[in-house]
**Student:** 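Submitted below is the structure of interest, expressed as structure tokens.
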Amino acid sequence: MNSLHIFSLIPFLPSKVSNFSPSLSRHTPRFRRRTHRNPPEMEISGTVPRPSSSLRLNTDDSDPFLDSPVGAGKGDALTTEADLEASSSTKTASRKHKYRMSSIKLFGVDLSPDNVAVAMVYFVQGVLGLARLAVNFYLKDDLHLDPAEAAVITGLSALPWLIKPLYGFISDSVPLFGYRRRSYLVLSGLLGALSWSLMATFVDSKYSAGFCILLGSLSVAFSDVVVDSMVVERARGESQSTSGSLQSLCWGSSAFGGIVSSYFSGSLLDLYGVRFVFGITALLPLITSVVAVLVNEQPMFGIARGQNLFSVGPEFLESSKRSIIQLWGSVRQPSVFLPTLFIFLWQSTPQSDSAMFYFTTNSLGFTPEFLGRVKLVTSIASLLGVGIYNGFLKNVPLRKIFFATTLLGSALGMTQVFLITGLNRKFGISDEWFAIGDSLILTVLSQASFMPVLVLAARLCPEGMEATLFATLMSVSNGGSVVGGLFGAGLTQLFGITKDRFDNLAALIILCNLSSLLPLPLLGLLPGNNPDVNPEDDSDIEMKCN
């Protein structure tokens, strides 16, 4: 977002995938491996899914920053032929000059300042995974928390992702310093930098750590909503080809950031420690604040004349009231409510991520550098999962996909028992190679299994409520992930699993994986067949995996 890194703890993007470590995630798929969406990858994420949206290219003649003011006046009574030729020549030169300025392309998209700003915000969301592994080790080794306590902090850190529609209302209706996008991006970046700076310096208790992690999650969630709204605005009127190119730019930027963070997270942690990693991470949100100046946005009228610091339109309350009524009316429809209920239940079954992270590090001795390499492998594997879905599964009915992936994921999730009991070593497979292979397969499957959730959510949105309802449905999904994390924390405590005792860990893993089968009898809540929609529309649904 949310946003799928198995060794993450803080869900900046809650996800449906579980692995050897907790997901901190932005909206990342968390598969019933039952074991990093978040929020944020490890996650402090995961992958984060987005409504079908694209970035609009600013190549029209109305661009106020590129067009020449020279030309025939609109109110001229007479215009000579020479004037017309001069005007035409000037406009042509201006247009050519504009295209020369944006001749550099990435993913087929002109890198205008506006497009660069959006791509960089997505990149920051991906690269923030740099600290997720450090957070896991900080909670475990520095604060000496048990797996259940760490799981609670993980769940609570995802709370900002449950109220994403509220951020959209605020950004759309309450201009700050005259801007609805720039100012909130700057504020989000500063808030994120503050949270990680505190983690690098003053934080020394589980309460202060939980508060700072919550602030960091809020920073990412708010900037995510703002940049998504920019993408939606620029998507209007664009062709399918242009939309696909713009979506690829956003997805590629986030994925590249996630891969970079995965590669360096473990080695930096091993060499310099958690405080150093937190300090480096504190610099990354400032990129969002800096690139906000590139956003092509005109100030609101009142602020432009210096009348107010905060400008709230008189229609704000009435508009918000209408939007809430319309949203409630849409959610109450059985065609929307029943599938949403299934998604919530599917996400809310217990997770064992935190317990597995403690086992792999305290019992098996996996180092931060090794876990970073595993995160790198799973980051790349998540892209493969998206490719498999787009190539083979996007036209398969949703019920069949959920049924097959849930059964297969539950069965494969049981392989963690091999690692716990050491059975893999009896077959000549080391713990390290088994962990890499197991995580690779489960990540591919988890990503492919979560894609239908995004497709379903996008298709449930009625005309005129696309952005708001999609954000609401994703918040419901994230809410289910939080509930699942808290259930897992309770079971971890009940089974007596601590940072040094793992006697009942195998039983916990089996119970969590079997619990993922509980929603299957409710598959009837989903549409029986794919809606009568062009299958190519799925390509407009942006997937972001951290």
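Side chains included, hydrogens not; waters and symmetry mates left out as well; all remaining heavy atoms used.
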**Student:** Aromatic ring centroids of Phe427 and Phe434 under 6.0 Å?
**Tutor:**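 No.
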
**Student:** Using a 3.5 Å distance criterion without hydrogens, assess whether the side chain of Asn424 forms a donor-acceptor pair with backbone atoms of Ile429.
**Tutor:**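 Pair found, side chain donor or acceptor close to backbone of Ile429.
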
**Student:** Just to verify, what does Phe418 make a ring-ring contact (aromatic ring centres under 6.0 Å, His included) with, not counting sequence neighbours?
**Tutor:**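 So Phe418 forms no ring-ring contact (aromatic ring centres under 6.0 Å, His included) with any residue.
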
**Student:** Test your reading of the model: is there a side-chain donor-acceptor pair from Gln351 to the backbone of Ser481, 3.5 Å cut-off?
**Tutor:**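 Such a contact is found between Gln351 side chain and Ser481 backbone.
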
**Student:** Hey, is the main chain of Thr443 close enough, under 3.5 Å, to the side chain of Ser446 for a donor-acceptor pair?
**Tutor:**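 Yes.
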
**Student:** Do the side chains of Ile343 and Val476 get nearer than 4.5 Å, heavy atoms only?
**Tutor:**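 No. Closest side-chain heavy atoms not under 4.5 Å.
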
**Student:** Test your reading of the model: is there a side-chain donor-acceptor pair from Thr378 to the backbone of Lys375, 3.5 Å cut-off?
**Tutor:**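 Yes.
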
**Student:** On a heavy-atom basis, which atom in Ser219 and which in Gly189 lie closest, and how many Å separate them?
**Tutor:**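 Minimum heavy-atom separation between Ser219 and Gly189: OG-N, 4.5 Å.
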
**Student:** Keeping the roles fixed (side chain from Ser439, backbone from Ile436), state whether a donor-acceptor pair exists under 3.5 Å.
**Tutor:**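 No: the side chain of Ser439 does not pair with the backbone of Ile436.
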
**Student:** Checking side chain to side chain contact (heavy atoms under 4.5 Å, CB included) for the pair Thr288/Met120: CA distance, chi angles, key distance, verdict?
**Tutor:** CA-CA 7 Å; Thr288 298; Met120 288 303 298; over 6 Å; no

**Student:** Are the side chain of Thr405 and the backbone of Ile401 linked by a donor-acceptor contact shorter than 3.5 Å?
**Tutor:**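 Checking the backbone N and O of Ile401 against the side chain of Thr405, a donor-acceptor pair under 3.5 Å is found.
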
**Student:** Between Phe495 and Phe502, does a ring-ring contact (aromatic ring centres under 6.0 Å, His included) hold up when you go through it step by step?
**Tutor:** CA-CA 9 Å; Phe495 277 70; Phe502 304 102; over 10 Å; no

**Student:** Please list all pairs passing the salt bridge (charged side-chain N to carboxylate O under 4.0 Å, His left out) test where one or both residues lie in residues 189-214, with sequence neighbours left out.
**Tutor:**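 For residues 189-214, and leaving out neighbouring residues, the salt bridge (charged side-chain N to carboxylate O under 4.0 Å, His left out) pairs sorted by first residue read Glu149-Lys206.
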
**Student:** With a 3.5 Å distance limit and no angle check, can you tell me whether Ser410 reaches the backbone of Asn513 through a side-chain donor-acceptor pair?
**Tutor:**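 A pair under 3.5 Å: yes.
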
**Student:** Do the side chain of Tyr167 and the main chain of Trp161 share a donor and acceptor less than 3.5 angstrom apart?
**Tutor:**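 No: the side chain of Tyr167 does not pair with the backbone of Trp161.
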
**Student:** Counting distance only, does the side-chain N/O of Ser363 pair as donor-acceptor with the main-chain N or O of Thr360 below 3.5 Å?
**Tutor:**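 No; zero donor-acceptor contacts below 3.5 Å.
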
**Student:** Kindly give the heavy-atom pair with the smallest separation between Leu198 and Cys212, and that separation in Å.
**Tutor:**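 Nearest heavy atoms, Leu198 then Cys212: CB-SG, 3.6 Å.
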
**Student:** Taking side chain as C-beta onward, heavy atoms only, is Leu286 less than 4.5 Å from Leu190?
**Tutor:**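 Contact flag for Leu286/Leu190 side chains = yes.
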
**Student:** For residues Ile509 and Gly413, report the shortest heavy-atom separation together with the two atoms involved.
**Tutor:**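 Result for this residue pair: CG2-O, 3.9 Å.
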
**Student:** For Leu508 and Ala355, work out which heavy atoms get closest and say how close.
**Tutor:**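 Leu508 and Ala355 have their closest heavy atoms at CD2-CB, 4.0 Å.
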
**Student:** Tell me, please, which residues at least two apart from Glu432 pass salt bridge (Lys or Arg N to Asp or Glu O under 4.0 Å).
**Tutor:**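 Applying salt bridge (Lys or Arg N to Asp or Glu O under 4.0 Å) to Glu432 gives none.
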
**Student:** When you compare the side chains of Ser379 and Ser262, does any donor N or O come within less than 3.5 Å of an acceptor on the partner?
**Tutor:**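 Yes, a side-chain donor-acceptor pair sits under 3.5 Å.
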
**Student:** To check you understand the geometry: which heavy-atom pair defines the closest contact between Val227 and Gln125, and what is its length?
**Tutor:**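 Reported closest heavy-atom pair: CG1-NE2, 4.0 Å.
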
**Student:** Would the distance check show the side chain of Thr361 and the main-chain N or O of Phe366 forming a donor-acceptor pair, the cut-off being under 3.5 Å?
**Tutor:**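 No, the answer is negative, given that no donor and acceptor are paired below the 3.5 Å cut-off.
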
**Student:** Taking salt bridge (charged side-chain N to carboxylate O under 4.0 Å, His left out) as the cut-off, I'd like each qualifying pair that reaches into residues 414-426, sequence neighbours left out, listed once.
**Tutor:**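 Found Arg425-Asp431.
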
**Student:** Would you mind listing every salt bridge (charged side-chain N to carboxylate O under 4.0 Å, His left out) that reaches into residues 504-514, with sequence neighbours excluded?
**Tutor:**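 Applying salt bridge (charged side-chain N to carboxylate O under 4.0 Å, His left out) to every pair that reaches into residues 504-514, excluding sequence neighbours, yields nothing.
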
**Student:** Looking at Tyr263, is Arg373 sitting on its ring face, NZ or CZ under 6.0 Å from the six-membered ring centre and within 45 degrees of the normal?
**Tutor:**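 Cation-pi check for Arg373 and Tyr263: passes.
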
**Student:** Would Thr492 and Phe487 count as a side chain to side chain contact (heavy atoms under 4.5 Å, CB included) here? Give the steps.
**Tutor:** CA-CA 9 Å; Thr492 300; Phe487 276 155; over 6 Å; no

**Student:** With heavy-atom distances below 4.5 Å as the criterion, would you say the side chains of Ile153 and Leu145 are in contact?
**Tutor:**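 Contact flag for Ile153/Leu145 side chains = yes.
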
**Student:** Less than 3.5 Å apart, any donor N or O on the side chain of Glu369 or Ser267 sitting next to an acceptor on the other?
**Tutor:**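 Glu369 vs Ser267: no donor-acceptor pair found between side chains.
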
**Student:** Leu412 and Asp438: which non-hydrogen atoms are nearest, and at how many Å?
**Tutor:**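 Smallest interatomic distance, heavy atoms only, reads O-OD1, 4.2 Å.
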
**Student:** Run the numbers on Phe278 and Tyr138 for ring-ring contact (aromatic ring centres under 6.0 Å, His included), then give the verdict.
**Tutor:** CA-CA 10 Å; Phe278 292 153; Tyr138 179 72; 5.7 Å; yes

**Student:** Sequence neighbours left out, what pairs pass salt bridge (charged side-chain N to carboxylate O under 4.0 Å, His left out) with at least one residue falling in residues 136-146?
**Tutor:**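 Checked against salt bridge (charged side-chain N to carboxylate O under 4.0 Å, His left out) - neighbours excluded - no pair reaches residues 136-146.
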
